[in-house]
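Worksheet for the structure shown next.
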Amino acid sequence: MPFISQIERQNDYKYFSSSTPIVIDNGASYFRIGWAGENEPRVIFRNIVQRPRHKSTGETITVVGDQHPALLRFFDCTRSGPRSAFDNDVVYQFEIMEYILDFAFDRLGATGSQSIDHPILITECVCNPVWSRSKMAELLFETYGVPSVAFGVDAAFSYVYNQRHGVCDKDGIAICPGFSTTHVIPFVDGEPVYKGCCRTNVGGYHVTNYLKQLLSLKYPHHMNNFSWEKAEDLKMEHCYLAQDYAAEARMFQLGSKEAEDKTRVWQLSWTPPPTEEPPSEEEIARKAAIKERQGQRLREMAEAKRISRINELENQSHGLGFLLQQLEQVEDNDIPSFLSTTGYGTKNEIESALTKVTQSLRKAKGEPKAEQPEVEPESSANKYPLINIPDDMLTPEQLKEKRRQLFLKTTTEGRLRAKQKKCEEELEREKKNQLEEERRVENPELYLEQMRTKYKELSEKVDQRKRLKTNGGNGNGNSTSGGVGRGERLNAAQRERMRLLTTAAFDRGKGEDTFGMKDEDWQLYKLMSKDNDDDEDGPDEVETELARISSRLQTIDPTFVPKIELLPTQPTAEAPRLRPLTKEDFQIAIGVERFRCPEILFHPNIVGIDQAGLDEMAGVAIRRLSPKDHGLEERLTSSIFVTGGSALFPGLSERLEAGIRMIRPSGAHIKVAKADDPVLDAWRGAATYAANVKFQEQTFTRKDYHEKGEDCTVNSLWLKRGTSPREASLEVLAKGRMLRQIWPGNMPNGHGDGGKLRELGRGELAEADLDIEARRACREKGAD
């Protein structure tokens with residue numbers, strides 16, 4: 001199950017004496033702090049820091065550990081993601097570490113104004129660099145004023161704690177697959193032998209990150225749901241280690257019943273769409289009644305509007321009639337002055353307006369349209385008096401007016417001709433329809449058969465024309481536009497146009513270009529325009545007749561289905577249909593990912609890390625020890641101890657035992673034991689050790705720090721004992737002090753540049769580092 005944070009503030013800090021040590025398990029994933037002698041830590045939280053900005057005020061705050069998403073919705077976390085103070089299990093960001101310690105001491109119950117007056121026991125990884133340890137001591141002494149500090153290896157604490165409970169023996173190997181690294185430490189007579197330890201940069205972080213990547217690639221539409229925290233929970237709940245990776249992968253590839261049983265499904269939040277139930281009879285009747293009432297209201301409104309329009313037109317008609325009566329009583333000389341007050345120019349305008357009003361009134365009342373008396377058209381000589389006058393007898397203004405009158409006359413006559421032609425076409429169409437109706441009534445079956453035959457002939461004719469336009473008349477019925485050249489796809493008019501252009505270019509391209517100097521040259525454009533008229537895409541007479549017959553057949557024949565017009569090159573593909581989303585679309589199936597992700601602990605090359613796996617690391621640690629004791633290897637493999645957060649994967653112990661058995665002689669005794677609590681046993685072992693009365697003798701005091709500075713974390717033990725530096729270093733290495741890691745890891749360039757560690761891969765490197773520390777102790781002792 002996923003780890004649960006405990007961040008409730010403690011209230012009993014003041015009841016503990018100043019001699020009670022505070023135990024800190026400073027893991028790369030989780031931070032645990034509590035009191036020595038207790039069985040459980042008081043405060044547990046993730047070892048991360050965020051500094052989001054408030055959305056409304058813009059204020060930046062510091063958030064330590066995991067916080068509830070409901071609290072973070074008021075802050076903008078896009079520009080400040082979670083940050084860790086660790087790089088491959090080594091603390092190198094001490095600004096972040098200070099935020100974490102502030103939060104931890106506050107949750108433990110210490111107030112911000114007072115210093116921490118309790119000894120501190122803090123865990124670190126094996127072979128932690130001196131630079132990182134000295135900076136941590138400086139932070140605790142200078143910032144928090146602690147009286148003394150001690151450092152210890154978390155895996156060693158867990159091994160000794162479980163040894164006391166009979167889980168492992170004094171001689172054995174501790175394998176600690178942690179958050180970002182994996183360490184292997186051999187133990188002889190209950191003491192760690194650091195020259196045989198080794199490490200790889202693979203841990204639970206890489207497993208979680210690999211699971212997140214696989215699920216994001218498998219379900220890209222749900223990528224926003226795969227947060228790192230959710231991937232961590234899925235890893236802890238569902239991942240396991242396969243005993244035979246190849247066989248397990250083959251089983252999922254074949255899709256067997258066992259593979260289906262091992263597949264886990266994660267259901268995302270999904271709201272089903274509302275189901276539409278058919279309305280009941282009462283609902284249908286209610287909607288029909290509402291629709292009827294609405295229709296009645298619309299009809300009443302239309303009737304009221306019609307009556308209002310009739311009243312308005314009647315008033316206009318009476319007014320125009322009264323105006324005409326008054327105009328008859330006015331003398332001819334006074335007519336212009338009388339009309340100027342009415343807004344009309346002539347009597348004809350008043351009569352025309354009265355006619356229009358009368359027609360509108362009849363239409364509004366629903367009366368049939370009255371036959372209008374034919375009005376003799378005004379002669380063109382009276383309407384356009386300047387047309388027949390020669391131009392030399394007119395002034396410039398009269399010439400301009402003459403051109404305007406000529407344009408008006410031409411357009412008016414054109415409109416009249418078009419109107420007359422339209423009337424003739426309508427009369428001919430009505431006559432044709434009447435004849436067809438008589439034929440249909442006389443013999444309906446024969447008429448229907450004739451209409452179908454005609455529709456088929458016209459349809460074939462249209463299809464043939466389209467094929468000619470597409471293939472150019474050169475196809476044999478089996479060719480498509482994709483298999484012919486551009487010239488063959490042109491129709492006859494287009495080919496003729498191309499011939500004219502090429503002929504003109506060939507004839508005129510020799511010597512000087514004289515095209516256009518002769519009048520016959522411009523006939524080419526006329527021919528091209530004439531050809532272009534035949535290439536228009538508008539419907540012609542055949543297509544119009546086909547549409548008319550199709551409409552007629554749909555009217556008289558209910559079984560008639562019109563033909564779908566498609567070009568020969570167009571595919572008859574159906575439009576894609578969007579199916580509604582279902583519950584299965586929001587399910588995440590976790591099958592092969594369950595064992596594929598933890599497999600990187602044994603094969604890191606899956607994620608591109610060229611390092612050894614857990615079983616191979618155990619063999620490397622055994623080979624680094626002295627070969628004089630032949631029974632040592634047998635005792636070490638008889639007690640292989642596994643601790644750390646990644647040890648919770650089901651099947652890890654069995655897989656590790658099988659892997660070590662492959663590199664050991666046949667019949668060798670191999671026993672793999674898992675810690676009682678791989679997550680908390682390191683803190684419990686440290687709390688048990690800090691409760692010992694001799695713990696104060698194994699710490700670095702503030703006095704040592706003020707006298708010797710940061711180097712007290714390396715040299716203070718040697719100076720107190722009064723022995724030679726070489727003897728002191730050998731004694732420390734032999735006894736394997738868990739709290740006083742005198743032998744440091746090798747740092748690049750002799751100092752800590754960002755906490756980047758060199759891998760400890762050779763035993764001679766450890767011996768060289770031991771000599772360096774011995775020489776440094778000699779220089780310090782000689783200086784004193």
Side-chain angles (χ1 to χ4, degrees), residues 2-14 16 20-36 38 40-54 59-77 79-87 89-124 132 135-146 149 151 154 179-180 228-229 232 645 679-680 682-683 686-687 755:
F3 304 133
I4 301 175
S5 300
Q6 301 175 6
I7 57 174
E8 293 80 8
R9 196 174 192 276
Q10 307 298 313
N11 300 320
D12 55 352
Y13 179 83
K14 57 184 178 180
F16 288 89
T20 305
I22 296 177
V23 181
I24 298 175
D25 183 10
N26 190 21
S29 177
Y30 275 81
F31 188 97
R32 305 169 188 88
I33 186 172
W35 297 101
E38 294 186 348
E40 298 290 338
R42 294 294 188 93
V43 180
I44 303 175
F45 57 88
R46 280 189 65 192
N47 212 336
I48 57 174
V49 173
Q50 282 183 278
R51 290 184 57 79
R53 182 173 297 179
H54 199 277
E59 180 183 0
T60 301
I61 66 168
T62 302
V63 179
V64 179
D66 276 332
Q67 299 294 334
H68 197 275
L71 300 177
L72 294 179
R73 71 175 185 272
F74 302 104
F75 298 92
D76 182 13
C77 301
R79 298 184 180 180
S80 175
R83 299 179 60 190
S84 175
F86 289 82
D87 182 12
D89 270 357
V90 175
V91 180
Y92 77 104
Q93 289 284 359
F94 287 92
E95 294 181 0
I96 300 177
M97 197 70 234
E98 185 175 353
Y99 284 120
I100 293 172
L101 289 174
D102 286 342
F103 181 77
F105 290 138
D106 177 75
R107 296 292 96 183
L108 193 61
T111 60
S113 59
Q114 65 182 11
S115 60
I116 306 300
D117 55 351
H118 295 267
I120 299 294
L121 171 57
I122 186 169
T123 62
E124 60 185 11
S132 178
K135 289 296 182 182
M136 180 66 73
E138 178 184 356
L139 177 64
L140 293 173
F141 284 129
E142 297 291 347
T143 305
Y144 301 100
V146 298
V149 177
F151 299 91
D154 49 2
F179 181 69
S180 57
W228 199 93
E229 291 76 10
E232 178 78 9
V679 178
L680 295 179
W683 185 92

Please find the pair of heavy atoms, one from [X] and one from [Y], that lie closest to each other, and give the distance.
X: S180; Y: A28; value: OG-CB, 4.4 Å
X: Y99; Y: V64; value: O-CG2, 3.9 Å
X: P119; Y: T20; value: CD-O, 3.9 Å
X: S132; Y: F94; value: O-CZ, 3.5 Å

Going through the checks in order, is the side-chain contact (heavy atoms from CB on, under 4.5 Å) test met by N47 and Y30?
CA-CA 5 Å; N47 212 336; Y30 275 81; 6.0 Å; no
Out of curiosity, [X] [atom1] to [Y] [atom2], how far, rounded to the nearest 0.5 Å?
X: S5; Y: R107; atom1: OG; atom2: CZ; answer: 12.5 Å
X: L101; Y: I24; atom1: CG; atom2: CD1; answer: 6.0 Å
X: L139; Y: I122; atom1: CG; atom2: CD1; answer: 8.5 Å
X: E98; Y: L140; atom1: CD; atom2: CG; answer: 10.5 Å
X: F141; Y: S115; atom1: CZ; atom2: OG; answer: 12.5 Å

Is any side-chain heavy atom of [X] closer than 4.5 Å to a side-chain heavy atom of [Y]?
X: M97; Y: F31; answer: yes
X: I61; Y: P52; answer: yes
X: F103; Y: I7; answer: yes
X: F86; Y: N26; answer: yes
X: D66; Y: I48; answer: yes
X: V679; Y: R32; answer: yes
X: T62; Y: R51; answer: yes
X: F75; Y: Q50; answer: no

Taking the six-membered ring for Trp, is the centroid-to-centroid distance between F105 and H118 below 6.0 Å?
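So the answer is no for these two rings.
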Once you measure the plane-to-plane angle for F16 and W35, does it fall in the parallel (<30°), tilted (30-60°) or perpendicular (>60°) bin?
parallel
Would you check, one step at a time, whether the test side-chain contact (heavy atoms from CB on, under 4.5 Å) holds for I44 with L680?
CA-CA 10 Å; I44 303 175; L680 295 179; 4.3 Å; yes
Holding to salt bridge (charged side-chain N to carboxylate O under 4.0 Å, His left out), I want the full list of residues that pass it with E229, two or more places apart in sequence or in another chain.
R46
Under the salt bridge (charged side-chain N to carboxylate O under 4.0 Å, His left out) test, residues paired with R42 that sit two or more places apart:
D12, E38
Can you establish whether the number of heavy atoms outside R9 located under 6.0 Å from its atom CZ is more than 12?
yes
Are I33 and W683 close enough, and set up right, to give a side-chain contact (heavy atoms from CB on, under 4.5 Å), and what steps lead you there?
CA-CA 8 Å; I33 186 172; W683 185 92; 5.6 Å; no
Give a yes or no on whether the backbone of V91 and the side-chain of Q93 come within a donor-acceptor separation of less than 3.5 Å.
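No: the side chain of Q93 does not pair with the backbone of V91.
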